[in-house]
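A short write-up of the structure that comes next.
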Amino acid sequence: MITTDYLVIGSGVAGLTFAVKIAEKFPKKTVTIITKGTEDESNTKYAQGGVAVVLDSKEDSFRKHIEDTLIAGDGLCDKTIVDLVIKEGPKRLQELIFWGANFDLDTEGNFDLGKEGGHSEYRVVHHKDITGYEVERALLERVHQLTNITVLSHHFALDLITEHHLEYENPKQLTCYGAYVLCEKSGKTLTIQAENTLLASGGIGYVYGHTTNPVIATGDGIAMAYRAKAQIKDMEFIQFHPTVLYNPEGGSSFLISEAVRGFGAFLRDKNGYRFMPDYDERAELASRDIVSQCIDKELKKSGDAYVYLDCTHLDISAFNTHFPNIYNKCKSLHIDISKDWIPVVPASHYLCGGIEVDSNGRTSINNLFACGECTRTGLHGANRLASNSLLEALVYAHNIFKYHCLNDTNLDFVFIPSWDDNGTSITKEHVIIQHNLRELQALMRDYVGIVRSNNRLTKAITRLDLIYNEIETLYKTSKIDTSLCELRNMINVAHLIISQSLERKENRGGYFNIDNIKP
Ligand code: FAD
Ligand code: SIN
């Protein structure tokens, strides 16, 4: 048993930012961060484009950023939240800089601002094309300076502890008392009792297999919150990034940042035809739901596996300065971007929905907060505007911090039973886990992709039930194992995506169902 004042599940931008702020303010309180991989492994680490924020400029304004966010969200954003997040952005960026994050400057010493799809102005602050790496580095450095923070890497959160584990009968209001956590090195299951728990467990990209996300993005936090009966919303809004480097083997794939299109790159079919101006007056810089759906149409029409991103007309030396990581990745694959077009295809990238939270990051369960990509705040609506995600995590980490400064969130002592694994044994059936993982990812890719239909979604539910039953049986009889728990969580997440897709009767933003097309 470990006891802590604040348990933070996840070490990306959301979890680390909250941990730093609360530990700085309350040096006598203990903060425990658990993370299932190495401490830096996260979606955050791979963020390329940057942080969208309005800085002093003649051209830009809060009004324009708010308007761009609302347009991208296709009528489903919560306007109050959009207003709150965007206006708070500059202060949160300054704080990140104060903690040591560096962002690129132009020759006059102003921020070198990038542009991405859906933005009407240049407003994306970045660190070359490895912004997330820089943010993660700076935050971890700050975390290690604070002696009241403990980071437990390779610790996997299994389940949130609520009245369900305390065997209370039908409690009126659920409360979270911490989490059961598997120490991956010792194989032991720990009980971490916490006054307050923050889920900052990131996204779900790996449920689709073909994704820009690293393999840790298995939606564990959302599945845990769902099992604990928290409200989960807008799961049908999966954002597919239009330009992911084509990888014939699928799996986690390298992103070619939207900022490259902001820099002037064109999308072409194999015959060299630039198709985006036919679909949208913003062409390659339409919001990413639109660009992904157009590429999907082109691929279905041609039967090709990918389209191309053409950078050959750009200033390659400037390109290399702005995007050294992308330039070098292409070079390592013998793609010379000064002569060759880059083969690209859309892939799952970001979840706009998730655990429903209020403006203070409070979930529907007492003392359980959530922040970052695992949440549904109302900022993104039906489609997130590029580079609004790091911003959202920074602002919400601050709001949750402020809430704790103003409110007493202490819990009464309760007795928490240890994790019970009586009657289970180490599984010899890893083949079942691997097979079902491949089947789940193929199902999500083929039946629950960019373009959906009621027929495919209904069939997907039927097939998912078979996978669910097989894995639930294995789970109940096996000793806890990370790959089994991740798959179980991915099945929960897939169920939420499919069932909430079937409930949506109109196409909006990133959700497109052929049966919802009005005649
Ligand atoms: P993450 O950074 O994903 O962190 C989640 C953490 O939770 C990880 O440490 C993980 O190990 C841990 N975790 C998960 N499950 C468990 C468990 N069961 N037990 C213990 N720990 C667990 N957004 C932008 O705004 N701008 C960009 O330029 C941008 N570019 C992107 C490029 C790529 C390739 C990708 C993949 C995403 C990009 N995004 C971008 C999106 C953005 O990076 C993420 O939405 C954001 O970083 C999420 O932060 P987070 O802290 O919520 O989650
Ligand atoms: C990108 O750099 O294209 C990703 C930006 C984002 O997802 O916000």
Side-chain angles (χ1 to χ4, degrees), residues 2 4 7-20 31-48 130-144 149-160 179-190 192 197-225 251-255 348-351 354 370-374 389-390 393 397 430 433-434 437 441 480-490 492-493:
I2 295 175
T4 186
L7 170 62
V8 176
I9 302 175
S11 58
V13 61
L16 296 180
T17 305
F18 174 75
V20 165
V31 181
T32 305
I33 303 175
I34 61 157
T35 189
K36 67 178 173 176
T38 54
E39 63 180 12
D40 65 337
E41 190 57 353
S42 55
N43 274 6
T44 300
K45 181 179 163 187
Y46 300 93
Q48 293 188 356
I130 51 165
T131 306
Y133 186 89
E134 175 62 9
V135 168
E136 189 73 18
R137 179 202 65 72
L139 285 170
L140 277 171
E141 245 176 64
R142 187 70 197 118
V143 160
H144 293 309
I149 303 184
T150 307
V151 183
L152 301 174
S153 42
H154 301 290
H155 279 67
F156 182 91
L158 296 166
D159 249 332
L160 298 168
Y180 290 114
V181 174
L182 175 70
C183 167
E184 295 184 323
K185 287 197 175 135
S186 70
K188 294 215 165 79
T189 303
L190 314 172
I192 303 190
T197 303
L198 176 72
L199 275 172
S201 47
I204 57 101
Y206 200 56
V207 173
Y208 279 85
H210 187 218
T211 176
T212 61
N213 295 189
V215 295
I216 51 108
T218 53
D220 301 336
I222 296 169
M224 283 190 283
S252 288
S253 299
F254 185 79
L255 179 71
S348 102
H349 180 62
Y350 184 83
L351 173 66
C371 186
E373 191 168 340
C374 66
S389 169
L390 296 174
H430 272 279
I433 300 172
Q434 285 313 314
L437 172 62
Q441 290 175 332
I480 287 305
D481 165 299
T482 306
S483 59
L484 175 57
C485 292
E486 283 183 332
L487 177 56
R488 184 168 176 254
N489 290 335
M490 284 191 272
N492 285 173
V493 165

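Side chains included, hydrogens not; waters and symmetry mates left out as well; all remaining heavy atoms used.
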Give every donor-acceptor pair under 3.5 Å between a side-chain atom in residues 10-20 and any protein atom, sequence neighbours left out.
unit_1	atom_1	unit_2	atom_2	d
Ser11	OG	Thr35	OG1	2.9
Ser11	OG	Glu39	O	2.7
Thr17	OG1	Val13	O	2.5

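- Here the CG-CD distance, from Leu152 to Glu184, works out to 11.5 Å after rounding to the nearest 0.5 Å.
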Practice task
Any chance you could lay out the side chain to side chain contact (heavy atoms under 4.5 Å, CB included) test for Leu437 and Gln434, step after step, and finish with the verdict?
Solution key: CA-CA 5 Å; Leu437 172 62; Gln434 285 313 314; 4.1 Å; yes

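- Residues passing the ring pair (Phe, Tyr, Trp, His ring centres under 6.0 Å) test with Tyr180 are His165, Trp419, sequence neighbours excluded.
- Atom CG of Asn43 sits about 10.0 Å away from atom CD1 of Ile204, to the nearest 0.5 Å.
- With rounding to the nearest 0.5 angstrom, the CG atom of Leu139 is 12.0 Å from the CG atom of Asp40.
- Other residues, nucleotides and ligands place no more than 12 heavy atoms under 6.0 Å from the OH atom of Tyr133.
- Shortest non-hydrogen contact noted between Ala223 and Asn489 is CB-OD1, 3.4 Å.
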Exercise for the section: Give the C-alpha distance, both sets of side-chain angles, the deciding distance and a yes or no for side chain to side chain contact (heavy atoms under 4.5 Å, CB included) between Thr4 and Thr150. Expected result: CA-CA 10 Å; Thr4 186; Thr150 307; over 6 Å; no

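- With Thr131 contributing its side chain and Ala47 its backbone, the two residues share no donor-acceptor pair below 3.5 Å.
- Closest approach of Ala179 to Ile9, counting heavy atoms only: CB-CD1, 4.2 Å.
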Exercise for the section: Show the numbers, then the answer: is there a side chain to side chain contact (heavy atoms under 4.5 Å, CB included) between Asn213 and Tyr206? Expected result: CA-CA 7 Å; Asn213 295 189; Tyr206 200 56; 5.8 Å; no

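- In this structure, the side chain of Glu373 engages the main chain of Leu351 through a donor-acceptor pair within 3.5 Å.
- Between Ala393 and Gly372, the closest heavy-atom pair is CB-CA, 4.2 Å.
- Across every non-hydrogen atom of Pro214 and Ser42, the tightest pair is CG-O, 3.8 Å.
- How far CE of Met490 is from OG1 of Thr218: 5.5 Å, rounded to the nearest 0.5 Å.
- When every heavy atom of His155 is checked against every heavy atom of Val181, the shortest pair comes out as CB-CG1, 3.7 Å.
- The distance from the CG atom of Leu158 to the CG atom of Asp481 is 10.5 Å, given to the nearest 0.5 Å.
- Here the straight-line distance linking atom CZ of Arg137 with atom CD1 of Ile130 works out to 10.0 Å at 0.5 Å rounding.
- Between the side chain of Ser348 and the backbone N or O of Gly205, at least one donor-acceptor pair lies under 3.5 Å.
- His154 places a side-chain heavy atom less than 4.5 Å from the side chain of Thr38.
- Between Leu199 and Met224 the shortest heavy-atom distance is CD2-CE, 4.0 Å.
- Screening residues 214-224 for salt bridge (Lys or Arg N to Asp or Glu O under 4.0 Å) gives Lys36-Asp220 as the qualifying pairs, with residues at least two apart or on separate chains.
- Under the 3.5 Å distance criterion, the side-chain polar atoms of Glu41 are left unmatched by any main-chain donor or acceptor of Ile216.
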